[in-house]
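One structure is given here, and the rest of the page talks about it.
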Amino acid sequence: MTALASPQDVPEWMAGLVKAAAEVDARALTRITPPPDGSGRRAAVLMLFGDGPDGPDVLLLRRSDTLGSHPGQVAFPGGAADPTDDGPVDTALREAFEETGVVRSGVRPVAALPELYVPVSRFLVTPVLAHWAAPSPVAPVDPAETAAVARVPVSHLADPANRFRVAHSSGYVGPAFSAPGMLVWGFTAGLLDRMLALGGWERPWDTTDVRDLELALRAT
């Protein structure tokens, strides 16, 4: 298994998040439980926080509109595990490089969160929390898979003006974030919502502001 860095290696602004992530339970991250038979394909995502020009930020990407799975959605870098991967941390780092060009040597993985089930794709996803100790240039590696890559400031995500909830005709209602040219919702928004809370960055926002998902997507 790929080793995790010491939590003491992260900057002070990230220390609270790392400590909370090491103790968090899956039930604090999602209400969805995995199938009792253990079925589901293993996957991992990289929640990469760095020191950006506008303060702490997180790396996000927007998937290509032509993909068969989650087209156009904003996500953390990540994907399905390969048989040759050395555990979920290795999966997250490999996928991040393949999608955005993130250089592995500049990343310090500090925590692997509990495995979470995503019913739509039937993935069992391990979120890997990491500090971007030596940031490298990032951009879509393959435009057929990744449409855009962005470092989004934590302060922007925590701003109440950029937070609301979205509702889908299926009955789904969940948190969302407005970012430049992006609407973050679904699994990724749920994780970001929890990271802001665990990191002590969350600010009071209007949870009664519920918008139609399709209309919100068109507005980005």
Side-chain angles (χ1 to χ4, degrees), residues 1-5 9-11 13-14 17-18 21 41-113 118 121 123 125-157 177-189 191-192 195 199 220:
M1 299 282 286
T2 303
L4 296 170
D9 291 336
V10 303
W13 58 261
M14 194 175 173
L17 174 59
V18 174
R41 188 177 178 189
R42 259 65 191 182
V45 295
L46 185 67
M47 299 189 300
L48 183 57
F49 289 84
D51 296 275
D54 299 309
D57 59 24
V58 63
L59 184 66
L60 297 174
L61 60 83
R62 186 166 61 81
R63 294 166 59 82
S64 169
D65 292 329
T66 59
L67 287 174
S69 175
H70 306 293
Q73 284 195 22
V74 177
F76 296 109
D82 279 352
T84 55
D85 289 341
D86 185 22
V89 175
D90 194 39
T91 296
L93 292 171
R94 174 185 56 76
E95 284 282 346
F97 173 72
E98 291 176 358
E99 292 177 334
T100 71
V102 166
V103 177
R104 171 187 296 244
S105 60
V107 177
R108 285 194 194 119
V110 288
L113 276 65
V118 182
S121 57
F123 276 136
V125 181
T126 298
V128 175
L129 179 63
H131 173 232
W132 208 353
S136 50
V138 288
V141 174
D142 181 357
E145 291 191 4
T146 306
V149 177
R151 297 181 62 170
V152 181
V154 168
S155 59
H156 180 94
L157 296 170
F177 299 84
S178 174
M182 295 180 174
L183 175 71
V184 191
W185 66 282
F187 178 78
T188 304
L191 274 178
L192 281 175
M195 293 306 101
T220 58

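If you read the sequence from its start, that first residue is 1, and numbering goes on from there. Predicted, not measured: the structure shown is a model, and the values here were computed from it.
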Next item on the list: Determine, step by step, whether Leu17 and Met195 satisfy the side chain to side chain contact (heavy atoms under 4.5 Å, CB included) criterion, reporting the C-alpha distance in whole Å, the side-chain angles of both residues, the deciding distance to 0.1 Å, and the verdict.
Entry: CA-CA 7 Å; Leu17 174 59; Met195 293 306 101; 3.7 Å; yes
Checklist line | From CA spacing to verdict: side chain to side chain contact (heavy atoms under 4.5 Å, CB included), Leu113, Leu129 | finding: CA-CA 7 Å; Leu113 276 65; Leu129 179 63; 4.2 Å; yes
Next item on the list: Apply the test side chain to side chain contact (heavy atoms under 4.5 Å, CB included) to residues Trp132 and Val138: give CA-CA distance (whole Å), side-chain angles for both, the deciding distance (0.1 Å), then the verdict.
Entry: CA-CA 12 Å; Trp132 208 353; Val138 288; 3.6 Å; yes
Next item on the list: Check the pair Glu99 / Val149 against side chain to side chain contact (heavy atoms under 4.5 Å, CB included), numbers first and verdict last.
Entry: CA-CA 9 Å; Glu99 292 177 334; Val149 177; over 6 Å; no
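Screening residues 130-142 for salt bridge (charged side-chain N to carboxylate O under 4.0 Å, His left out) gives no qualifying pairs among residues at least two apart or on separate chains.
Between Glu145 atom CD and Arg63 atom CZ the span is 8.0 Å, to the nearest 0.5 Å. In this structure, CG in Leu4 is found 11.5 Å from CG in Asp9, a value given to the nearest 0.5 Å.
Residues passing the side chain to side chain contact (heavy atoms under 4.5 Å, CB included) test with Ala179, sequence neighbours excluded: Val152, His156, Met182. For Thr100, the side chain to side chain donor-acceptor pair (under 3.5 Å) criterion is met by no residue, not counting sequence neighbours. When the salt bridge (charged side-chain N to carboxylate O under 4.0 Å, His left out) test is applied to Asp82, the partners found at least two apart in sequence or on another chain are Arg94. In this structure, the salt bridge (charged side-chain N to carboxylate O under 4.0 Å, His left out) partners of Arg104, at least two apart in sequence or on a different chain, are Asp90.
Annotation for Ala75 and Thr188: closest pair CA-OG1, 3.3 Å, computed over non-hydrogen atoms. In terms of heavy atoms, Val184 sits closest to Ala189 at O-CB, 3.6 Å. The minimum heavy-atom distance linking Val128 with Pro88 is given by the pair CG2-O, 3.9 Å. When all heavy atoms of Pro77 and Leu61 are compared, the pair lying nearest together is CA-CD2, 3.6 Å. When all heavy atoms of Pro109 and Val107 are compared, the closest pair comes out as CD-O, 3.3 Å. Scanning both residues, Phe76 and Leu59, for their nearest heavy atoms gives CD2-O, 3.9 Å.
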Show which side-chain atoms of residues 43-55 pair as donor or acceptor with protein atoms under 3.5 Å away, not counting sequence neighbours.
{"from": "Asp51", "atom 1": "OD1", "to": "Trp13", "atom 2": "NE1", "distance (Å)": "2.6"}
{"from": "Asp51", "atom 1": "OD2", "to": "His131", "atom 2": "NE2", "distance (Å)": "3.3"}

